[in-house]
K.L.:
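This is the structure I want to talk about, given as structure tokens.
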Amino acid sequence: MFIGSVAEDKKTEKRVAITPDLVKKYKSLGLEINLCTDYASHLGIDDKEYISEGANILSNDEVIANSNAIVQMNIPSDENLKKLKKDQILIGVLNPYSNEQKLKDTIAKNINCFSLELLPRITRAQSMDILSSQANLAGYKAVLDSFAYFQKAIPMMMTAAGTISAARVLVVGAGVAGLQAIATAKRMGAIVFATDVRIASKEQVESLGGKFLIVEGSENLETEGGYAKETSDDFKKKQEELIKETLKKIDIVICTALIPGKKAPIIITKEMIQVMPKGSVIYDLAAIQGGNSELTQVDKIIDNNGVKIMGEANILNKLPVSASNLYAKNIFNFVSNLYDKEKKNFQINLEDEIIEKTKVK
Amino acid sequence: MFIGSVAEDKKTEKRVAITPDLVKKYKSLGLEINLCTDYASHLGIDDKEYISEGANILSNDEVIANSNAIVQMNIPSDENLKKLKKDQILIGVLNPYSNEQKLKDTIAKNINCFSLELLPRITRAQSMDILSSQANLAGYKAVLDSFAYFQKAIPMMMTAAGTISAARVLVVGAGVAGLQAIATAKRMGAIVFATDVRIASKEQVESLGGKFLIVEGSENLETEGGYAKETSDDFKKKQEELIKETLKKIDIVICTALIPGKKAPIIITKEMIQVMPKGSVIYDLAAIQGGNSELTQVDKIIDNNGVKIMGEANILNKLPVSASNLYAKNIFNFVSNLYDKEKKNFQINLEDEIIEKTKVK
Amino acid sequence: MEIDPFIFRLSIFILSIFVGYYVVWSVTPSLHTPLMSVTNAISSVIIVGAIIAALAGSSEKIFETSNIFGFLAIVLAAVNIFGGFLVTQRMLQMYKKKKK
Amino acid sequence: MEIDPFIFRLSIFILSIFVGYYVVWSVTPSLHTPLMSVTNAISSVIIVGAIIAALAGSSEKIFETSNIFGFLAIVLAAVNIFGGFLVTQRMLQMYKKKKK
Amino acid sequence: MTANLSALFYLISGILFILALRGLSSPETSRQGNYFGIAGMAIAIIVTFLSVGNFGEGFIYVIVFLIIGGSIGAFIAFRIPMTAMPELVAGFHSLVGLAAVFVAISAFLKPEAFGLGNIGNIKLASLIEMSLGAAIGAITFSGSIIAFLKLRGIMSGSPITFKGQHIINLFLGLMIIGLIFYLCISQSNNIFWSIVMISFLIGILLIIPIGGADMPVVISMLNSYSGWAAAGIGFTLENTALIITGALVGSSGAILSYIMCKGMNRSFFNVILGGWGATDQSSNTKSKEQKPVKSGNADDAAFLMKNASSVIIVPGYGMAVAQAQHALREMVDALKKNGVKVSYAIHPVAGRMPGHMNVLLAEANVPYDEVFELEEINNDFANCDVAYVIGANDVTNPVAKSDPQSPIYGMPVLDVEKSKSVLFVKRSLSSGYAGIDNDLFYRDNTLMLFSDAKKMTEEIVKSL
Amino acid sequence: MTANLSALFYLISGILFILALRGLSSPETSRQGNYFGIAGMAIAIIVTFLSVGNFGEGFIYVIVFLIIGGSIGAFIAFRIPMTAMPELVAGFHSLVGLAAVFVAISAFLKPEAFGLGNIGNIKLASLIEMSLGAAIGAITFSGSIIAFLKLRGIMSGSPITFKGQHIINLFLGLMIIGLIFYLCISQSNNIFWSIVMISFLIGILLIIPIGGADMPVVISMLNSYSGWAAAGIGFTLENTALIITGALVGSSGAILSYIMCKGMNRSFFNVILGGWGATDQSSNTKSKEQKPVKSGNADDAAFLMKNASSVIIVPGYGMAVAQAQHALREMVDALKKNGVKVSYAIHPVAGRMPGHMNVLLAEANVPYDEVFELEEINNDFANCDVAYVIGANDVTNPVAKSDPQSPIYGMPVLDVEKSKSVLFVKRSLSSGYAGIDNDLFYRDNTLMLFSDAKKMTEEIVKSL
Ligand SMILES: NC(=O)c1ccc[n+]([C@@H]2O[C@H](COP(=O)([O-])OP(=O)(O)OC[C@H]3O[C@@H](n4cnc5c(N)ncnc54)[C@H](OP(=O)(O)O)[C@@H]3O)[C@@H](O)[C@H]2O)c1
Ligand SMILES: NC(=O)c1ccc[n+]([C@@H]2O[C@H](COP(=O)([O-])OP(=O)(O)OC[C@H]3O[C@@H](n4cnc5c(N)ncnc54)[C@H](OP(=O)(O)O)[C@@H]3O)[C@@H](O)[C@H]2O)c1
Ligand SMILES: NC(=O)c1ccc[n+]([C@@H]2O[C@H](COP(=O)([O-])OP(=O)(O)OC[C@H]3O[C@@H](n4cnc5c(N)ncnc54)[C@H](O)[C@@H]3O)[C@@H](O)[C@H]2O)c1
Ligand SMILES: NC(=O)c1ccc[n+]([C@@H]2O[C@H](COP(=O)([O-])OP(=O)(O)OC[C@H]3O[C@@H](n4cnc5c(N)ncnc54)[C@H](O)[C@@H]3O)[C@@H](O)[C@H]2O)c1
């Protein structure tokens, strides 16, 4: 059986779905790899490297024609999508909410589409959990970028020429990205505060050395899947006051709060930004889902009264190598779960929660 | 008496020599402050802030005309230089080697010029030591920028989607900038190596958790002032081999090696860069003094076989607020040493080693 | 100036209590079980009394009631002596420092 | 079955050595100086001997040579008793746990 | 043998016993200590023979009985499995107690042989001493029997309490005192026997209300009793060896039980006086079906690891919560100084964030080359002496390999159970993130260290 | 008073002495311990009066002399400055030694009064005991006098050695044994006096080769001698109190000197046998003019800080070199648990890089609000109990304030010397970056803790 992958739109996506070190692993499962030319050259990975691991380098169309399963980062271009044939399998982050029509058409052709952001958050699925693996790096990168952008030094330094006090960082939302942001900011020497609606996150924040801002009388807004629910108005008001008070002394804000399937909650309002010290930075990882800050605009740096608000469509384009490594491993784990080694074919076993939930219907 | 400072050329210099919090301190010494309009507005500091601290905001010419001492970051523009009058004092980083003629002319007008990079490295001068205060921040910023630029994550992360191994950083030259670079890289979770010609630096590197690369049979190339001497050919060869071997596994190189009054030593040769892994980054802080890497070009990012080499004329323009804070404090300490509080005037006491050594002759 | 030997015995008794008190405080907790077992073994010095009891009286009538109790006590104490020390020995084997 | 009292004294002596041994091990090092001072004070029980020596013999001739030595010993020991305990007391004042 | 000489030898044997206990203070000298004990015992027995000086037929019988008893003892000692140690010690205690009773009876029946006067006219002091010896011996005997039965599982380990228990005990205790007083006046056989019988009863009543968990304390306390009984008999027989040893055993046993109580955070008096502690305890144990776990303290852990040749550290979320990484690093340093090879095994999802453990270990400056991911290290557990699992739970749970119904089925787990011993540092038996019980807690080669991870690790450092 | 009753009371007084020493095991019970000692002494004296039963004129004199001696003692005790403690104890020892000699002489002169036989016909055992008591007493006396003189500075503190010293000591020792043997045969006065005289000489010869630094060990050893002397006399007088106390003091003194040697890393025998250690020592001390420093160990430091109400930590480059930040953090945690207020004082140029200390403290998770820069905290030293200077040197050097010639003149420094005590953790007396000596090491309120910063701090944590 053949696994194929074609180049993404390299302008908007720098990550790839198959890295050279995984080719061997696929082969040991009995799977062959087809890739298009210049597949990952923008990451400094020559086609030669893939070939030496045993992959086939073909043209774009050949890859699609000769592969039983196509693994991608994003949904393929309309052109490529049309080239898919019956019984082929498409795996990637297909974003079924925004690509509803396209996917409907594809499925209609009896093509099995699996979208990995639909993975259930069960223990067994952790090794395929692309949301975790990518959010983790996003949290890291957001901190690094905002620190690099910030006009002051982050750690406390007591020097002969006076003291630089430690920067104060607020992390909004302590999920996977938020926790990694806390860890990264903390190790750079920042004083880190964090807020979340899930009660369990308090302990988690503290286990990384962050300070948790507790909204008084807060209920636990955790769903069974470990995600957050929307908040009540009362809660929102209390949270607002607390955050506004805190923001007066915050240098950098990292926003990561999300509610699955919904617009990201607005947490940093315009008024709050007014009270922030000049020169401070807000990095909004939720930008593409609407942003946690009221003023966020995707891929733009907004200067509001000296406060810079930034947020990118795809921050991981700036960390493409690490992000690809983890993503490709996730995909590999998903594929090996789908592939029946004995029967040597793909088994779409809908009793398997992982397969059932990720399959786009 | 009046201390004045005029705006720098804001295109090439974002730092300022007087920050608002120091105005009060000058006043408590009995000194008045004259600044030109929009003195630090590019740092988000309004003229109002200076005024509220008690400074006078005047025009450029008024500042120069009405101040007994002019403190600057860099040597003033030729225009401004010409406006200086007899018995005025000029303090800054005047770079007497490259500005020899200009300074000669100025001194000829009986203007006392003090260039702070000439400060003797004695204990008492530490609080005025602009080389230390700026190098320190440069070391920090070089690491942060190169990490932000690097396409992989720095710290080790063992995750469900595989392991990201810790990045390996080599710091060349373990002076003030180098040590801060080591500390910063270390706290981000990198594995840090360092090399230097001064034997004392081994212990210092290790005190920050770095690994010191010892050139076998190395002599101590430390001058009495704590600076480095040029190396012998034999030493150079041994150092080269050691570094070449090390570089095969290095992701990021931070270059900081300098020899006062000389061109920076070339340490990373072209051949060495060939062996470095693709995607690795060399940040050359010595760029403006010629660079420690053979391929360094000021303010350009060179891509050599997948290795990126970068170095800026003034990295601290990216960290202007912290850098100004420390610089302004250094200047203040220098001025208070120069000023006689009782006699209420500036005393150019050439018996004071600090004053004697910094005075441009 | 003759002092009743009882006073001496009392002194000895009390001093021994102090020794016992201190000896135990200095034992590392991981050796508490062997300690218990060794004190158990030691407490069978009662066999001294048992032997005296068994051999008390004329050597003809060796099985008077009192002697019989003595003999029984000897058996009991002997079980304890041998059992106690051997078991301690076995336990302590486990604590042998490994060779490096 | 009469046992020489010397044996008893010997037992007492030896047991006391053990007690002394253990008692000291359990003293915290920071109290070593007061410990030294208190043992010093205690060692002046020699005054018991001194009193006996001073009062030995008939009550008429109280200043025979041997008695004189006894009296001298009393003075020396008394210096030590009072001095020793008081100094210890002073030292221990310093170790008073501060009130919080 | 003169009385003086034998007294001297008894003194020597007493000193050897002291040295025996002293030897136990460290593992290095402990075996030597045991030899001292053996020597002391040998001297005591030989001296007794020599001083009785009766080498007739009786002597032969003594030897015979000694050998019979000795063989039984040796047989038991060799055969008993190491796990049955506690009940064995309890059983042995009962023998000592009974022996003391027998000796007292013998002395009472034939006082002239011991130089205590004549029947019906025994010296007052001796009478008191001997009846006290008999009473304490009897309590030791019956108490130890109960402890033995409870430990062996023949009797239920749970405390048996009933109303008025303490009053009855008090009453019986007073009764014994009264009877001894009366005995002194009447010298009556019957009263002596009653004392013995009532003491048996007291022994039983004292121990039944004490729960199984407290048995080690009880055994040590019974040990102490047997010492006092021996000392009592020693006074009767005017025997220095018995007095010294009795006092030694008596006080050391009492102190040991006190130390053990302190170590277990239990009130000494509650344990010794049985029933009083029972109420608090039962409420704790009700909630859950109780499988037996072995729990230890820092010293045990330190001892195990110090003597291991390789240790693997398995950190989990609990380490992060407790911020135990620095203490952990220090512990590892100490172990390395002891020549132990130490590595860290990091499960891919340990903690609550990808790379959670890495951040913390890096903070504590753990060298990267000691840190291994699951696949690299999982085979090493089989060759490792101790796995030190600190605040991890789910990532070690073997149910992931065996039970397809389990929510964590299919997740790779660290095979800690393959190492010779597993130490689990966590605060309770409660479950981790996945909310499922971990079977490893109840395994034979697992020792639970119930405590905050940081606190426990610091304590281990101290005792290393 | 009957002999039995007085024996019983002597026993009680002996036990009180044991309890006195026991009390010293912790600061909380130490004063109580001292009271036990006083009580024991009072009982011993009163019982002696009662048992001698001679309340004539002599008794009055005894009381008078007691009061004279007591007043002198009390006067000295109140007047002596605390710093003179060691020599005071040495002085007191000499008195005990001399008292023992006097009692022995008295017993020798009038044996019948003590029930030891008659002049020229003293019991053999008593003769041996009494001459041993006198000899040891005499050694204690003269040895203590030498120790006193050395400590007081009247005699030079450096070891006085000469060739053949050990042979002479050996010879004198053998001579004493020979003389005692001869005394037993001849019962001659002269020989008894010779024994006393030679012992005085031995005492002197034993102590002169011992250096000033080892004096505390010597004092403790002399203490031990005085105990043995008392025990010897106790045997002579058949007095239980003297025997118990003598043995107690004798063994505890010996053990204490052993412990102290271990604490100072010195060989016990080298110290006790004087001169043998001297050669190694002198080579060390030659190089530099030796100003006296007080050096302590981890326990001292722990004790001082535990009982402080505020401690300021002053880290320097040495902390970085030793990577002691984690241990330091742990120490501070332990102190805070003890209710001590702790802050960190960071000098602007501490370490070798701007912000060096900050990096390390952040790594150890020290909260930022406990970290203060020089200007913020410098005034607090005056109100702080302990400054814990860990691997810092130049940044505390007061010469920067006082000596314009010094290379660091004009640099602001941390005023650690204003705090009640200063603890300096460093490996030696050597200088820091600036290469200049630090006067603080020699101050009265400074305690040097010579060790690697990490090791020392870890040890302090252990003893906290
Ligand atoms: N890594 C990730 O990205 C990620 C993300 C989300 C979820 N998870 C899940 O988290 C789990 C991780 O496994 P794990 O073994 O690391 O953790 P775990 O299974 O959650 O177990 C942690 C254990 O630590 C103990 N603990 C908590 N605080 C402690 C303290 N202060 N001192 C000592 N022990 C303490 C708890 O027991 P006591 O209460 O008895 O002390 C608990 O059983 C997995 O189930 C994984 O699926 C991982
Ligand atoms: N901060 C900066 O930017 C910078 C840059 C360059 C120079 N300096 C200079 O560096 C000095 C800093 O002062 P400082 O007080 O921090 O350091 P310091 O004066 O250099 O003293 C450090 C002390 O630490 C001790 N030490 C070294 N290793 C140790 C270990 N493992 N354990 C215990 N102690 C150890 C050394 O004494 P032992 O050998 O006896 O142990 C030494 O005296 C100043 O003179 C400053 O001018 C600072
Ligand atoms: N069991 C597993 O296999 C597994 C794997 C990965 C993650 N998880 C868990 O899932 C949970 C969510 O992870 P995620 O990062 O993907 O979530 P997410 O990206 O959906 O949300 C990010 C965070 O924002 C928070 N948030 C939402 N609304 C908020 C508001 N109004 N104010 C403040 N915070 C708000 C959420 O609680 C969440 O912590 C975490 O607890 C994580 O540990 C479990
Ligand atoms: N006493 C004081 O007041 C004071 C103040 C600041 C700095 N210093 C000391 O001065 C020294 C130099 O500091 P700096 O950072 O200003 O120096 P620098 O900027 O001149 O040089 C940077 C480093 O490069 C090293 N170097 C030079 N040639 C090299 C080669 N061929 N290979 C490798 N390394 C080479 C130098 O040894 C130095 O460590 C340091 O030791 C510092 O601690 C002292």
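In this text, all values refer to a predicted model and were calculated from it rather than measured experimentally.
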K.L.:
Against chain D, label F:L222 side chain, backbone, both or neither, depending on which of its atoms sit under 4.5 Å from a heavy atom there.
P.N.:
neither

K.L.:
Heavy-atom pairs under 4.5 Å with chain F are the metric here; pick the option from D:V48, D:V38, D:T88 that has the most.
P.N.:
D:V48

K.L.:
Who wins among D:L86, D:V45, D:L15 for the most heavy-atom pairs under 4.5 Å with chain F?
P.N.:
D:V45

K.L.:
Tell me, out of D:A77, D:A50, D:G70, D:G83, who's got the most heavy-atom pairs with chain F below 4.5 Å.
P.N.:
D:G83

K.L.:
Listed by chain and number, what are the ring-ring contact (aromatic ring centres under 6.0 Å, His included) partners of D:F18, not counting sequence neighbours?
P.N.:
none

K.L.:
Taking side chain to side chain donor-acceptor pair (under 3.5 Å) as the cut-off, I'd like each qualifying pair that reaches into residues 40-49 of chain D, sequence neighbours left out, listed once.
P.N.:
D:N40-F:H93

K.L.:
Side chains of F:V196 and F:V101: closer than 4.5 Å at any heavy-atom pair?
P.N.:
yes

K.L.:
Which region of F:F78, side chain (C-beta onward) or backbone (N, CA, C, O), has a non-hydrogen atom less than 4.5 Å from a non-hydrogen atom of chain D, or is it both or neither?
P.N.:
both

K.L.:
So what's closer than 4.5 Å to chain F heavy atoms on D:A41: side chain, backbone, both or neither?
P.N.:
backbone

K.L.:
Side chain from CB out, backbone as N, CA, C, O: work out which of these in F:N223 comes under 4.5 Å of a heavy atom of chain D, or both, or neither.
P.N.:
side chain

K.L.:
Is any side-chain heavy atom of F:I243 closer than 4.5 Å to one of D:S16?
P.N.:
no

K.L.:
Within the 4.5 Å heavy-atom criterion, are F:F49 and F:I63 side-chain neighbours or not?
P.N.:
yes

K.L.:
At a heavy-atom separation under 4.5 Å, does D:I47 approach chain F through its side chain, its backbone, both, or neither?
P.N.:
side chain

K.L.:
Measure F:V89 against the heavy atoms of chain D and call it side chain, backbone, both or neither at under 4.5 Å.
P.N.:
both

K.L.:
Which atoms of F:I38 come close to chain D, meaning under 4.5 Å heavy atom to heavy atom: side chain ones, backbone ones, both, or neither?
P.N.:
both

K.L.:
Could you check if a side-chain atom of F:I259 sits within less than 4.5 angstrom of a side-chain atom of F:I255, using non-hydrogen atoms only?
P.N.:
yes

K.L.:
So, for F:F75 and D:F82, is the gap between ring centers shorter than 6.0 Å?
P.N.:
no

K.L.:
Which region of F:L256, side chain (C-beta onward) or backbone (N, CA, C, O), has a non-hydrogen atom less than 4.5 Å from a non-hydrogen atom of chain D, or is it both or neither?
P.N.:
both

K.L.:
Can you say whether D:I42 sits under 4.5 Å from chain F via the side chain, the backbone, both, or neither, judging by heavy atoms?
P.N.:
both

K.L.:
Check each atom of F:A107 against the heavy atoms of chain D and say whether the ones under 4.5 Å are side chain, backbone, both or neither.
P.N.:
neither

